[in-house]
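Structure first, then comments.
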Amino acid sequence: MAQKPGIPKGTRDFTPAQMIRRNYIFDTIRKVFKTYGYQAIETPAMESLHTLLGKYGDEGDKLIFKILNSGDFASKIDSSTASRLSEGSAVPFELSRALTSQISEKALRYDLTVPFARYIVQHRHETTFPFKRYQIQPVWRADRPQKGRYREFYQCDVDVIGSKSLLNEAELLHIICEVFGRLKISIRIKLNNRKILAGIAEIIGQADKIVDITVAIDKLDKIGLDGVNKELARKGLPQESIDQLQPIIHLSGTNSEKLKQLKTVLSESETGMQGIAEMSSVLDFSKEMDISEWIDLDLTLARGLNYYTGAIIEVKSSDIAIGSICGGGRYDDLTGIFGLPDVSGVGVSFGADRIYDVLEQTELFPEDSGSRTQILIVNFGEDELKACIPIAITLRDAGFSVELYPDQVKMKKQMSYANANSIPYVILAGQQELSENSVTVKDMTEGNQSSSLITNIVDHLNNLMND
RNA sequence: GUGGGUGUAGUUCAGUAGGUUAGAACGUUGGAUUGUGGUUCCAAAGGUCGCCGGUUCGAAUCCGGUCAUCCACCCCA
């Protein structure tokens, strides 16, 4: 019995029409990356499970797709785990964890940053620092799919590793502006700094609650000021600290005004002041790059706190609500866990699939990137087909993209094929034409036809296409 | 992991006081036009109404379960 075809939830097929559009995005991003001197690398779709585990927090670990070991994996389960399983009691989380490590040793990559860190450590002796790399590959997350969220999606990462200069941060912001400028997507860039957040937590005497504080503040737009304060209280912050936070939550004005206010608030925190210095420096560079008008200093931005140590960057479409379409930041010691300490890196990741959704909803995809077949040669039968093969070769050598219709079927069918595939020119070479060493060229857009000697076919088509 | 919406032709969807043979549009195929597409006209093919069970003389329709999918939360690109 035929089974119904289907693909796993959160995954998608891409049609030729969609691929044209996807490649437009990838090509645009890749071109920009290259003009700033970044080099491409790729890493495997799967990594050792232990490479990935523990890098994204507990939540992240749950979202990693594990790959079942091949062969008789069940025989390798140790006896104590096996007996606990056979007891049949409700499987506690801890047991699942013990079991996972025994039946799975590989997993699909969850992002491109951790594999990159692993790559750097393994290839450190053949890498010249600072190393500027880009990487455009799919990643997988066992998330529940929803709008703008897929289980398989492409990230386009650019990172500089082995340089502490804040010029890198600014350059990434410049790249962001350039990419979205070329794609004609209007954006706002949110910029924050982990050290400023740490300074704030320190000043109000809650240094260990930095994550709770920022996560709560991050929800300001969603749940409002009261909601934020309630959540802060629920996380165990004393009222006094919450009161101290209010001016910071209410921070307003231009970026430099915000910085000025922060300087007063954070003057007692060394870390905080360092964050402010970093932020000012990045903003100064971005002025020189003439991109500062797109950047908002935003203390409510609280992403990736598990490993970011300096700048935190997030980009949102100003037209479509779809979450962030690009994000990243500075991580001072990402390679440390793999045994290479003190290598600082900064990078951002473009979410190609969300960018696709934004371009589609705002109808900003260009008409056609012209990557289709330009000429179809009609099949009139075996003799004519053989005579057409050299014509096709000549045209392809001249740079045209040419198809010979493979089957000898009714012309109506062949013309429909040209039409359905938006092929602009059709060459008709039947017995009539061939006996005169000529072909008929039909312009599918205009509907008119012209005749050309076979020896002159390249010039003839060049003339037609250049009109 | 938590909560909600939706499952009918390849696609988008109609279809209730439960009642013969479940419809439309688009797409596909054939014909009008045996060497001419895109427009037009005609015709055809295409459905176990997600799946399993229940109520009923009778279920696409009501009920329960299940699966799938979408949306929201958590988190994230």
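The chains referred to below are lettered A, B, ... by the order of the sequence lines, with proteins before strands, and numbering in each begins at 1. All values below were derived from every heavy atom in this structure, side-chain atoms included, with hydrogens, water molecules and symmetry-related copies excluded. All values derive from a computational prediction rather than experimental measurement.
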By the 4.0 Å heavy-atom rule, please label [X] as base, sugar-phosphate, or nothing.
{"X": "A/E433", "answer": "base"}
{"X": "A/C326", "answer": "sugar-phosphate"}
{"X": "A/K316", "answer": "nothing"}
{"X": "A/E152", "answer": "nothing"}
{"X": "A/G430", "answer": "base"}
{"X": "A/G60", "answer": "nothing"}
{"X": "A/I325", "answer": "sugar-phosphate"}
{"X": "A/K147", "answer": "sugar-phosphate"}

Quickly work out the [X] [atom1] to [N] [atom2] distance and round it to whole Å.
{"X": "A/L428", "N": "B/G37", "atom1": "CG", "atom2": "P", "result": "11 Å"}
{"X": "A/I377", "N": "B/U36", "atom1": "CD1", "atom2": "P", "result": "19 Å"}
{"X": "A/L385", "N": "B/G35", "atom1": "CG", "atom2": "C1'", "result": "16 Å"}
{"X": "A/F153", "N": "B/C76", "atom1": "CZ", "atom2": "P", "result": "12 Å"}
{"X": "A/D13", "N": "B/U11", "atom1": "CG", "atom2": "P", "result": "13 Å"}
{"X": "A/L301", "N": "B/C76", "atom1": "CG", "atom2": "P", "result": "11 Å"}
{"X": "A/N379", "N": "B/U36", "atom1": "CG", "atom2": "P", "result": "16 Å"}
{"X": "A/Y56", "N": "B/C76", "atom1": "OH", "atom2": "C1'", "result": "13 Å"}

For [N] and [M], measure between their [atom1] atoms and round to the nearest Å.
{"N": "B/A22", "M": "B/A9", "atom1": "P", "answer": "14 Å"}
{"N": "B/G47", "M": "B/A24", "atom1": "C1'", "answer": "15 Å"}
{"N": "B/U12", "M": "B/G35", "atom1": "P", "answer": "37 Å"}
{"N": "B/C63", "M": "B/U16", "atom1": "C1'", "answer": "16 Å"}
{"N": "B/G15", "M": "B/U61", "atom1": "C1'", "answer": "9 Å"}
{"N": "B/A59", "M": "B/C52", "atom1": "C1'", "answer": "15 Å"}
{"N": "B/A45", "M": "B/G1", "atom1": "P", "answer": "46 Å"}
{"N": "B/G46", "M": "B/U29", "atom1": "C1'", "answer": "10 Å"}

Write out a two-atom table: protein N or O, nucleotide N or O from nucleotides 41-46 of chain B, distance below 3.5 Å.
none

Could you list all N or O pairs between the protein and nucleotides 65-68 of chain B that sit under 3.5 Å apart?
none

* Between residues 347-354 of chain A and RNA chain B, which residues have a heavy-atom gap below 4.0 Å? ->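 Contacting residues: A/R354.
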
* **RNA chain B contacts among residues 402-419 of chain A, heavy-atom distance under 4.0 Å** => A/K410, A/M411, A/K412, A/K413, A/M415, A/S416, A/N419

* To do: Name all pairs fulfilling the salt bridge (charged side-chain N to carboxylate O under 4.0 Å, His left out) condition that reach into residues 307-322 of chain A, sequence neighbours left out, sorted by first residue then second.
  => A/R303-A/E314

Under 4.0 Å between a side-chain nitrogen and a carboxylate oxygen: does that hold for [X] and [Y]?
{"X": "A/R151", "Y": "A/D143", "result": "no"}
{"X": "A/D353", "Y": "A/R12", "result": "yes"}
{"X": "A/R330", "Y": "A/E169", "result": "yes"}
{"X": "A/K209", "Y": "A/D212", "result": "no"}

Distance-only polar pair, side chains of [X] and [Y], donor-acceptor under 3.5 Å:
{"X": "A/T440", "Y": "A/E433", "answer": "yes"}
{"X": "A/Q146", "Y": "A/R144", "answer": "no"}
{"X": "A/Y38", "Y": "A/E171", "answer": "yes"}
{"X": "A/H460", "Y": "A/S450", "answer": "yes"}
{"X": "A/D159", "Y": "A/Y331", "answer": "yes"}
{"X": "A/D111", "Y": "A/Y56", "answer": "yes"}
{"X": "A/S318", "Y": "A/R188", "answer": "no"}
{"X": "A/N193", "Y": "A/E278", "answer": "yes"}
{"X": "A/S48", "Y": "A/E105", "answer": "no"}

* To do: Give a yes/no answer on whether the side chain of A/Q146 brings an N or O atom under 4.0 Å of OP1 or OP2 in B/C70.
  =>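 Answer is no, no contact under 4.0 Å.
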
* Apply side chain to side chain contact (heavy atoms under 4.5 Å, CB included) to the pair A/V441 and A/I457, showing each step before the final yes or no. => CA-CA 9 Å; A/V441 179; A/I457 185 68; 4.1 Å; yes

* Asked: Does A/R141 get its side chain close enough to the base of B/C75, under 3.5 Å, for a donor-acceptor pair?
  ->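 When only heavy-atom distances are counted, A/R141 does not reach the base of B/C75 through any donor-acceptor pair under 3.5 Å.
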
* Confirm from the modelled atom types if A/R144 and B/U69 form a donor-acceptor pair under 3.5 Å, side chain to base only. =>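 Flag unset: no donor-acceptor pair detected.
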
* Which one, B/G37, B/G35, B/C70, comes nearest to the side chain of A/K442? ->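 Nearest to the side chain of A/K442 among the choices is B/G37.
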
* **Sole candidate of A/I312, A/N255, A/L283 that passes side-chain contact (heavy atoms from CB on, under 4.5 Å) when paired with A/L191** => A/L283

* Structure fact -> Judged by nearest nucleotide, the residue sitting upstream toward the 5' end of RNA chain B, A/E59 or A/A429, is A/A429

* Asked: Want to know the stems of RNA chain B: at least 3 consecutive Watson-Crick or G-U pairs with distances under 3.5 Å, which are they?
  ->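 In RNA chain B, stems of three or more pairs: B:1-7 with B:67-73, B:10-13 with B:23-26, B:28-32 with B:40-44, B:50-54 with B:62-66.
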
* Check whether more than 12 heavy atoms from other residues, nucleotides or ligands sit under 6.0 Å from atom CD of A/E360, and answer yes or no. =>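 Correct, the count exceeds 12.
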
* Could you state the interatomic distance from CG (A/L376) to CG (A/L404), rounded to the nearest 0.5 Å? -> 8.0 Å

* To do: Tell me, with the steps shown, if A/E403 and A/I423 meet side chain to side chain contact (heavy atoms under 4.5 Å, CB included).
  => CA-CA 10 Å; A/E403 280 184 66; A/I423 299 173; 3.8 Å; yes

